[in-house]
Amino acid sequence: MSITTSLPGFRDFYPRELAARSHIFAAWREAARRFGFEEYDGPPLEPLELYTDKSGDEIVRQLYNFEDKGGRAVTLRPEMTPTLARMAGARAGELRKPIRWFSIPQLYRYERTQRGRLREHFQWNVDVVGEEGVAADAEILAVALQSFQLLGLSAQDVVARVSDRRLLEALLLHAGVPADRLMAAYAAIDKLSREEERVIRDRLAKEAGLGAAAIDQIFRIFAHPDFESLTAAYRDVPGVAEELARLGEYFGILGALGFGAWVTFDPRIVRGLAYYTGIVFEVFDRKGELRAVCGGGRYDQLLEQVSGVSLPALGFGMGDVVLRELLADRELLPSGEPAGDYYLVAVGEPERRVVREMATRLRRAGWSAIYSLRAAGVKAQFKDANARGVRRVVVVGPDEVASGQVAVRDMASGAEERVRIESLGEATATAQRR
RNA sequence: GUGGGCGUAGCUCAGGUGGUUAGAGCGCCAGGUUGUGGCCCUGGAGGUCGCCGGUUCGAUCCCGGUCGCUCACCCCA
């Protein structure tokens, strides 16, 4: 039986797709580097218990888990944060705080595929551990936005919607939501931008057990068009003022970092993961055609739950699948042409040996150099060079060998230049190297 | 887990209401001679019409199942 396809929800990366992936990874790593984050990684297979209590039931329901040959309950990692929490917690004593780490793990979920969601994806994770101040929250979102900028996207293309669970909690308590109904209320509010108002009202009444008065109060919160309006209305409410002040400072820092236009306040952002405790955000395409490209926030209790070490932490994940779609829509993905440096054409059999020697010289100088692996006509070799997108072709025949000079043809312009064989690759070495 | 759409060459797709050798474009390969590509021309290879079963004299076309893809829901990275 021949196998020609991958498992459902898993991707093959042909050179063209891998070029796009590498392009995205390069932007992620560059943004992380500019912000001083160090790269780490962990195992793709983890004990099931790492996720069962910390991430919420829904993630666990869709784990790609199984029993290994040693009878251990294991799972392919669905997210990186618990791994990070374990690693950071284990060496919390020796690591300089705040820890600034990032990773690009491949993550797995067992669920039906749909647009932007597969059973496997790569996710850029950037986290700060050991800093409770709001400056860290701003820094985390800024590095995410920096990556978009590096990929050619602007504040016209994407927007970060930000909220704070502490603020939302204070507002909901003020609206009359009992403390033990907060999670149910969050779940309903999370649907606010997708469902009609009466559906949300219905859920708040049934699932959160709220009365009509409380529900009215809740909708009054979300009726405010922006942060200033909400602040004006609630700044005198006990417990809310300090939350508003913190968010205000947060927006101020992002403005100073040059990302003010990219960020907007949106109290409807809740995020599903159970461990978030503070500022949370999601980044969307402005056209609203795709699901969230990126999401994250503060999770101050998770390290203690996982490792027993109490350290505040925050971070985000940005998946490659939706991002790739967004970049493709905006025509911001590389074409994927290999674009080698040199293709060496041997006119006849005697020159094939010369070509190999030239290739070796070029390769040792750092250039890419290829030639036909079997004897072929000059025309065929040129066609091959052209089809492979090689930048320059060098023709080597009896005349060239005799004179010690070869013709180097620039394939894009068609211009040819005569170069001494010994100095091939030197003249343009600094100028044209990619 | 639930529901909708789709499944014909490597890719994108055509193939009125079932009928004899299933097509196109792109791609691929080979030519258009003797040392120069991209354009053009000619030719060629390549398909159990996803798979299994049913209806029928006969099915790519109808029916059922199955697998896969896809979109949405649930939920969420």
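Proteins come first, then strands; the chains are lettered A, B, ... in the order of their sequence lines, and each starts at number 1. On a predicted model such as this, the values are computed, not experimentally measured, just so you know.
- A donor and an acceptor atom sit less than 3.5 Å apart, one in the side chain of A/Asn386 and one in the base of B/G37.
- Between A/Phe102 and A/Trp124, the ring planes lie perpendicular to each other; the angle is over 60°, past the 30° to 60° tilted range.
- Looking at heavy atoms from C-beta onward, A/Ile218 lies out of side-chain contact with A/Ile200 at the 4.5 angstrom threshold.
- Residue order along RNA chain B, read from the 5' end via each residue's closest nucleotide, puts A/Ala407 first among A/Tyr108 and A/Ala407.
- Residue A/Glu416 places a side-chain atom within donor-acceptor reach of the base of B/U36, judged by atom type and a 3.5 Å distance cut-off alone.
- Base engagement by A/Glu111 is indicated by at least one non-hydrogen atom pair under 4.0 Å involving a base atom.
- Here B/U66 sits opposite B/G50 as a Watson-Crick or G-U wobble pair (both hydrogen-bonding atom distances under 3.5 Å).
- Nucleic acid contact for A/Gly348: none, since no nucleic acid atom lies under 4.0 Å from a heavy atom of the residue.
- Nearest-nucleotide assignment on RNA chain B puts the 5′-proximal partner with A/Gly116, out of A/Gly319 and A/Gly116.
- Between B/G25 and B/G44, the distance separating the two P atoms is 13 Å to the nearest Å.
- Nucleotide B/G35: unpaired (no Watson-Crick or G-U wobble partner with both distances less than 3.5 Å).
- Within 4.0 Å of A/Ala380, counting heavy atoms only, lies no atom of the nucleic acid at all.
- A/Arg112 comes within contact range of at least one nucleobase, with a heavy-atom separation under 4.0 Å.
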Show every donor-acceptor pair shorter than 3.5 Å between a side-chain atom in residues 178-187 of chain A and any protein atom, with sequence neighbours excluded, or say none if there are none.
from, atom 1, to, atom 2, distance (Å)
A/Arg181, NH1, A/Ala208, O, 3.1

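- The residue A/Glu400 sits close to a base: some heavy atom pair falls under 4.0 Å.
- For the side chain to side chain donor-acceptor pair (under 3.5 Å) test with A/Arg291, the passing option among A/Gln114, A/Glu325, A/Glu282 is A/Gln114; the others fail.
- Separating the C1' atom of B/G47 from that of B/G10 is a span of 11 Å, rounded to the nearest Å.
- In this structure, A/Thr113 does not reach the B/C69 phosphate: none of its side-chain N or O atoms is under 4.0 Å from OP1 or OP2.
- Cation-pi geometry between A/Arg119 and A/Tyr108 is not met at under 6.0 angstrom from the ring centre and within 45 degrees of the axis.
- Taking atom C1' on both B/A9 and B/U60, the two are 14 Å apart, rounded to the nearest angstrom.
- Nucleotide B/A30 holds its P atom 13 Å from the CD atom of A/Gln381, rounded to whole Å.
- To the nearest angstrom, C1' of B/C76 lies 14 Å from CG of A/Leu118.
- Base pairing analysis places B/A14 opposite nothing; no Watson-Crick or G-U wobble pair with both distances below 3.5 Å involves it.
- Comparing the C1' positions of B/G32 and B/C13 gives a spacing of 31 Å, expressed to the nearest Å.
- Below 30°, between 30° and 60°, or above 60°: for A/Phe227 and A/Phe265 the angle between ring planes is above 60°, a perpendicular geometry.
- Side chain of A/Arg117, nearest nucleotide from B/C71, B/U36, B/C74: B/C74.
- Going from the C1' atom of B/U12 to that of B/G27 covers 11 Å, rounded to whole Å.
- Separating the OH atom in A/Tyr250 from the CD1 atom in A/Ile279 is a distance of 5.5 Å, to the nearest 0.5 Å.
- Pair assignment for B/C75 gives none, since no Watson-Crick or G-U wobble pairing has each distance under 3.5 Å.
- Nucleic acid contact class of A/Gln123 (heavy atoms, under 4.0 Å, all strands): sugar-phosphate only.
- If you measure from atom CD of A/Glu349 to atom P of B/U34, you get 18 Å, rounded to the nearest angstrom.
- Summarising the geometry, the separation between NZ on A/Lys383 and C1' on B/C28 is reported as 12 Å, rounded to the nearest angstrom.
- Residue A/Leu323 is classed as having no contact, given no heavy-atom separation below 4.0 Å to the nucleic acid.
- We find that CG of A/Asp399 is positioned 9 Å from C1' of B/G35, with the value rounded to whole Å.
- With P as the reference atom, B/G46 and B/A30 are 16 Å apart, rounded to whole Å.
- Using atom P as the reference point in both B/U2 and B/G65, the two lie 14 Å apart (nearest Å).
- For the pair A/Arg100 and A/Phe35, the NZ or CZ position fails the cation-pi test of under 6.0 Å to the six-membered ring centre and within 45 degrees of the ring normal.
- Across all strands, A/Asp384 comes closer than 4.0 Å to no nucleic acid atom at all (heavy-atom distances).
- When rounded to the nearest whole Å, the span between CZ of A/Phe382 and C1' of B/G38 equals 12 Å.
- To the nearest whole angstrom, the two P atoms, one in B/G64 and one in B/C71, are 25 Å apart.
- If you check B/A30 for Watson-Crick or wobble pairing at under 3.5 angstrom, you find it paired to B/U42.
- OP1 or OP2 of B/G37 lies within a sub-4.0 Å distance of a side-chain N or O belonging to A/Lys379.
- Base pairing of B/U60: no nucleotide in any strand meets the Watson-Crick or G-U wobble criterion (both distances under 3.5 Å).
- B/C76 atom C1' lies 8 Å from atom CZ of A/Arg291, rounded to whole Å.
- Not a single donor-acceptor contact under 3.5 angstrom links the side-chain atoms of A/Arg271 to the base of B/C76.
- As rounded to whole Å, 17 Å separates atom C1' of B/C6 from atom CD of A/Gln114.
- Residue A/Arg409 is in base contact, counting any heavy-atom pair closer than 4.0 Å across all strands shown.
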